[in-house]
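No hydrogens, no waters, no symmetry mates; every other heavy atom, side chains included, goes into these values.
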Amino acid sequence: QVQLVESGGGLVQAGGSLRLSCTASGRTFSSYAMNWFRQAPGKEREFVAATSWSGSWIYYVDSVKGRFTISRDNAKNTVYLQMNSLKPEDTAVYYCAAGLVGIRDRGGMSYWGKGTLVTVSS
């Protein structure tokens, strides 16, 4: 079993930055990748970014390319999402999730964190 805990959410003005963290505990597998999803009020949960633990496979949804950066610290079993140039439409609960490398669909995730709220004011 794997447990995921997110942190780093908060309130920020448009154009500002935040860094989210997700720490994994329990049994982890090298074949699993770490993902970030988000869910805005009244919207479905959507994929944001993902990385393999090696860093050789990284993917971003088009809407965050050039603004968000996913990274990881393998020794700490932690992944990060650096969010720059934030926009009001980035407001959402952000979730980290673990799934097999190459799978980015919500339904393909094996483990989920409880989420951390990011609010971007205009």
Side-chain angles (χ1 to χ4, degrees):
Q1 188 64 250
V2 175
Q3 295 80 45
L4 305 174
V5 179
E6 307 97 333
S7 64
L11 175 64
V12 64
Q13 295 186 46
S17 299
L18 284 174
R19 188 180 75 159
L20 306 182
S21 299
C22 175
T23 299
S25 61
R27 187 171 65 176
T28 58
F29 302 93
S30 61
S31 60
Y32 274 39
M34 298 300 296
N35 306 257
W36 287 98
F37 286 76
R38 66 185 180 186
Q39 187 166 21
K43 305 294 184 180
E44 294 188 350
R45 194 170 300 183
E46 65 172 345
F47 172 85
V48 177
T51 182
S52 63
W53 284 107
S54 69
S56 62
W57 177 76
I58 297 176
Y59 186 85
Y60 300 95
V61 70
D62 287 345
S63 61
V64 308
K65 287 181 178 178
R67 300 189 298 122
F68 291 10
T69 302
I70 189 169
S71 61
R72 74 272 180 254
D73 185 336
N74 291 14
K76 297 181 179 179
N77 290 328
T78 299
V79 297
Y80 305 94
L81 187 67
Q82 178 66 47
M83 306 185 295
N84 299 326
S85 302
L86 283 163
K87 304 175 181 179
E89 50 262 45
D90 294 318
T91 295
V93 176
Y94 283 72
Y95 301 87
C96 64
L100 294 176
V101 174
I103 299 176
R104 300 185 298 276
D105 295 332
R106 178 183 181 275
M109 301 296 106
S110 297
Y111 305 97
W112 292 89
K114 294 182 179 180
T116 185
L117 177 63
V118 172
T119 302
V120 184
S121 62
S122 60

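None of D90, T91, L18 except one satisfies the side chain to side chain contact (heavy atoms under 4.5 Å, CB included) rule with V118; the exception is L18. Checked options Q39, R106, M109; the residue passing with Y95 is Q39 (criterion: side chain to side chain contact (heavy atoms under 4.5 Å, CB included)).
Applying the disulfide (SG to SG under 2.5 Å) test to residues at least two apart or on different chains, none of the pairs has a partner in residues 38-90. Among residue pairs with one or both ends in residues 35-72, none qualify as disulfide (SG to SG under 2.5 Å); sequence neighbours excluded.
To the nearest 0.5 Å, atom OG of residue S7 and atom CG of residue L20 are 8.0 Å apart. Taking OG of S17 as the reference point, atom CZ of F68 lies at 9.5 Å (rounded to 0.5 Å). Here the straight-line distance linking atom OH of Y80 with atom CD1 of I70 works out to 12.0 Å at 0.5 Å rounding. Interatomic distance, CZ of R104 versus CZ of F47, reported as 5.5 Å (0.5 Å rounding). Here the straight-line distance linking atom CG of N35 with atom SG of C96 works out to 9.0 Å at 0.5 Å rounding. With values rounded to the nearest 0.5 angstrom, S21 atom OG is found 9.5 Å from L81 atom CG.
At a threshold of 4.5 Å between side-chain heavy atoms, the hydrophobic network of Ile, Leu, Val, Met, Phe, Trp and Tyr places V2 and V5 in two separate groups. L11 and V93 are members of different hydrophobic clusters when ILVMFWY side chains are connected at heavy-atom separations under 4.5 Å.
Heavy-atom minimum distance, G8 versus T116: N-OG1, 4.1 Å. Closest approach of A49 and Y60 over heavy atoms only: CB-CD2, 3.6 Å. Among all heavy-atom pairs drawn from A33 and S52, the shortest one is CB-CA, 4.1 Å.
Within the 3.5 Å criterion, the main-chain N or O of K76 finds a donor-acceptor partner in the side chain of T78. Side-chain N or O atoms of D105 include none that pairs as donor or acceptor with a backbone N or O of G107 at under 3.5 Å.
Within the 4.5 Å cutoff, the side chain of C22 has heavy atoms near those of the W36 side chain. A 4.5 Å side-chain heavy-atom check between R72 and W53 finds at least one atom pair inside the cut-off. Side-chain contact between Y111 and Q1 is present, with at least one heavy-atom pair separated by less than 4.5 Å.
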Verdict with reasoning, V64 to R38, per side chain to side chain contact (heavy atoms under 4.5 Å, CB included): CA-CA 12 Å; V64 308; R38 66 185 180 186; 4.0 Å; yes

Worked check of side chain to side chain contact (heavy atoms under 4.5 Å, CB included) between V12 and M83: CA-CA 11 Å; V12 64; M83 306 185 295; over 6 Å; no

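No more than 12 heavy atoms of other residues, nucleotides or ligands shown are found within 6.0 angstrom of CD on Q13.
Of the charged side-chain nitrogens involved, at least one lies within less than 4.0 Å of a carboxylate oxygen, so that D62 and K65 count as a salt-bridged pair. Ion pairing of K114 with E6 is absent here, as no side-chain N (NZ or NE/NH1/NH2) approaches a carboxylate O to less than 4.0 Å.
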